[in-house]
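Okay, so here's the structure we're looking at.
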Amino acid sequence: ALKDDIDMFGVSGYQSIEGFKGNFDGRDNRIIGFGSSEAGVGVGIFKTIGENGSVQDVKIYNSRIGGNTATDSTGLLADYNNGTIENVTTFGNRVEIASGTGGGLVGTNSGTIRNVTTSDIVTSANGAVLGGIVGTNNGKIENVTANSAVVGQNAAALGGVVGENEGDILHAASTHGVISGLFGGANLNDINEYGSSQNIGGVVGINSGTIDSAYNDSYINGWNKIGGVIGTNSENGNVENIVNGRNNGAIVADANNIFAQQGQGGTPATGENVGGLAGVNSGSMSNLVNDISAAIEGKTNVGGIIGLNQNFLSSAQNLMNQGEILGVTFVGGIVGKNDNGGVVIKVENTNDYTLGYNKAYSGQGEFFGGIVGHNTGIVGDAKNNATITVDNANANVNVKYVGGIIGKNDGQIAKVGDTFADSDGINVVADGYLINNGTVTATKSEYVGGLIGENNREISRTNLINSITGA
C-alpha cells in the first residue's frame with residue numbers, strides 16, 4: 001500500500017515488477033514522475049500482474065515510459081494484466097513505443113479493468129496497435145473513460161479506449177480527445193512521413209469481440225477504415241448501443257482539411273471506408289446513433305452509419321444518422337457502399353441534413369444516395385428525409401448516379417413479404433417500399449433520380465414513392 005504520494009522524478013534504473021500476485025492498494029495517493037525505458041525488464045510499473053494480483057485506488061501523474069526498446073507490449077501501469085485493476089486515474093502521462101501494442105494504462109489485458117479514467121498521450125511511429133487505455137484487450141473492460149490523444153504512424157489499429165478488442169467492453173467512452181493516424185511534420189505529400197494508418201475508431205480500432213454501450217465525442221482523422229466509434233467491426237464482432245456524440249465527434253479523412261490552418265497544400269488523404277459509427281462492418285451492430293453535429297468527411301465509401309457494409313443493418317436495431325456527410329464516390333446517408341452479403345432493411349433518415357460532394361477533392365463524383373450510395377447487396381423498406389446536394393467541384397467532369405434512396409443499384413430491392421434474419425436469428429419481414437422526402441440536387445450531373453440514380457436490376461412488388469417535385 002502507499003502511505004503517501006511518491007515523487008519519482010530523478011529515479012533511474014527502475015525494474016518493473018514481474019508476476020505480481022498480491023494486492024496493491026494506492027489509497028488514492030499519487031505516483032508522480034515515473035519513468036522507464038528498459039523493455040527487457042519491463043516498461044510499466046508492473047511488467048505482469050498475475051491472475052490473482054490486483055491494483056486499486058491509485059493515481060499516476062506526469063510520467064513518461066517507452067522509447068526505442070519498447071517493441072512488445074507496453075503500458076504505464078502494466079505491460080501485461082492477467083489480474084484485476086480498478087479505481088485508477090492517470091493524467092498528463094506519455095506512453096511512447098517503437099512498435100507492438102501500447103496502452104495508456106495497460107499494453108495487453110487478459111484480466112479485468114474497471115472504473116478507470118485516463119488523460120494522456122499514447123504514440124508510436126511504426127505500425128503499432130494503440131489504445132488510450134489498453135492496446136490489446138482479451139479480457140474484460142467496464143466503466144472506463146479516456147480523454148487522451150492516441151497518435152500513430154502506419155498504425156495497424158488506433159482506438160480512443162482500446163486499439164484491438166477480442167474480449168468484452170461494457171460502458172466505455174472517449175471524450176475530448178484526438179485519435180489520429182496522421183503523424184508527422186510539414187510535408188503532407190510524403191507517405192513515409194505521414195504513413196498509412198488504418199482501423200481508427202473513437203473507442204476501438206478493430207473489434208472482433210463484444211462492445212455494449214460505447215460513446216465517442218473525440219476528434220478522429222486518418223487514412224482508411226475510420227469510424228466514429230469503431231474502425232473495423234470484424235465478422236465475429238458484436239456491437240450494441242453506441243453513439244458518436246454531438247460535441248467534438250467529427251470524423252475526417254482528409255489531410256488538407258486537418259492542416260488547412262497551417263496553410264499547407266499537399267495531397268488529401270485517401271479517405272476510404274469512413275463511417276459515423278464504423279468504417280467497415282462485417283459483424284453485428286445494433287442501436288446505433290451518429291449525433292447531429294458529427295460531420296463525416298472522406299473520399300470513398302463514406303456513410304452516415306457505415307462506410308462499407310458487409311452484414312445486416314435495420315432500423316429494428318434503432319440506427320440513426322444526424323450528421324453531415326461529404327465524399328466523392330460511394331456516399332450514403334446510412335451506408336456508403338452496401339457490398340455483396342450486405343442487407344440494409346427498414347431504415348430511415350429522420351433528420352434533414354446535407355449529403356454531398358467533398359470539395360477538398362476534385363475527382364469524379366459518383367454514387368450518392370440518401371440511404372445507400374451503391375448497392376450490390378440488398379436494400380428495402382427505406383425512407384430518406386435528407387437533403388442531397390452534390391455540387392461538383394470539377395467543371396470538366398460530370399457527377400454520376402445520384403438518388404434519393406440509392407445512387408446506383410446493382411443489387412436486390414426487397415419485395416413485400418421477403419424475410420431476412422438478423423445476426424440474432426430474428427426475422428425481419430419486408431413491407432416493400434422505397435420513399436424519398438428529400439430534395440435531390442446535383443449540378444453538372446448525369447443519372448439523377450428521386451429514388452434511384454441508375455437501376456440495373458428488376459424491381460417488383462415494391463411501392464416506389466417520391467414526394468419531391470421540380471428538383
Side-chain angles (χ1 to χ4, degrees), residues 66 70-75 95-110 118 120-139 141 144 146 148-169 172 174 177-183 194-211 214 216 218-239 242 251 253 269-270 272-275 277-283 285 306-308:
T71 58
D72 190 6
S73 177
T74 304
V95 177
E96 300 173 322
I97 70 171
S99 59
T101 184
L105 190 72
V106 172
T108 300
N109 177 55
S110 300
T118 64
D120 307 305
I121 297 173
V122 184
T123 183
S124 174
N126 189 24
V129 174
L130 301 177
I133 295 178
V134 172
T136 299
N137 178 51
N138 303 306
I141 298 173
V144 298
S148 299
V150 181
V151 182
Q153 183 184 28
N154 301 323
L158 301 174
V161 175
V162 174
E164 183 170 5
N165 177 53
E166 298 179 357
D168 299 317
I169 299 175
S174 175
V178 174
I179 298 89
S180 177
L182 300 177
F183 182 103
Y194 273 88
S196 54
S197 294
Q198 58 184 341
N199 301 309
I200 302 168
V203 177
V204 174
I206 300 174
N207 178 56
S208 55
T210 298
I211 301 173
N216 171 66
S218 293
Y219 186 87
I220 304 159
N221 61 53
W223 299 87
N224 191 7
K225 301 176 183 175
I226 307 160
V229 178
I230 302 164
T232 296
N233 188 43
S234 302
E235 184 176 355
N236 296 324
N238 190 335
V239 178
I242 65 174
I251 306 115
T270 55
E272 297 180 11
N273 304 311
V274 185
L277 278 305
V280 175
N281 174 49
S282 302
M285 299 184 72
I306 307 294
L308 174 64

Spacing of [atom1] belonging to [X] relative to [atom2] belonging to [Y], to within rounding of 0.5 Å:
X: N236; Y: S208; atom1: CG; atom2: OG; result: 6.5 Å
X: I206; Y: I200; atom1: CD1; atom2: CD1; result: 10.5 Å
X: N273; Y: K225; atom1: CG; atom2: NZ; result: 7.0 Å
X: N165; Y: N137; atom1: CG; atom2: CG; result: 5.0 Å

When you measure from the side chain of [X] to the backbone of [Y], do you find a donor-acceptor pair of N or O atoms at a distance under 3.5 Å?
X: S218; Y: G177; result: yes
X: S174; Y: G202; result: yes
X: N216; Y: G228; result: yes
X: S124; Y: G152; result: no

Please report the closest heavy-atom contact between [X] and [Y], naming both atoms and the distance.
X: T101; Y: G107; answer: OG1-O, 3.7 Å
X: A128; Y: I97; answer: CB-CD1, 3.8 Å
X: S197; Y: Q153; answer: OG-C, 3.7 Å
X: E164; Y: V129; answer: N-CG1, 3.8 Å
X: T108; Y: V106; answer: O-CG1, 3.3 Å
X: N233; Y: N238; answer: OD1-N, 4.2 Å

Are [X] and [Y] side-chain neighbours, meaning at least one heavy-atom pair lies under 4.5 Å?
X: L158; Y: S180; result: no
X: M285; Y: I306; result: yes
X: D120; Y: V95; result: no
X: V162; Y: I141; result: yes

Identify, with sequence neighbours excluded, every residue that meets side chain to side chain donor-acceptor pair (under 3.5 Å) alongside N199.
->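 Only T232 meet the side chain to side chain donor-acceptor pair (under 3.5 Å) criterion with N199.
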Residue list, side chain to side chain donor-acceptor pair (under 3.5 Å) with T210, at least two apart or on another chain |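 Counting only residues at least two positions away or on another chain, T210 forms no side chain to side chain donor-acceptor pair (under 3.5 Å).
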A214: side-chain contact (heavy atoms from CB on, under 4.5 Å) partners, not counting sequence neighbours =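 side-chain contact (heavy atoms from CB on, under 4.5 Å) list for A214, sorted by chain: V203, I211, V229, I242.
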Stepwise side-chain contact (heavy atoms from CB on, under 4.5 Å) test for I169 and V204 = CA-CA 10 Å; I169 299 175; V204 174; 3.7 Å; yes
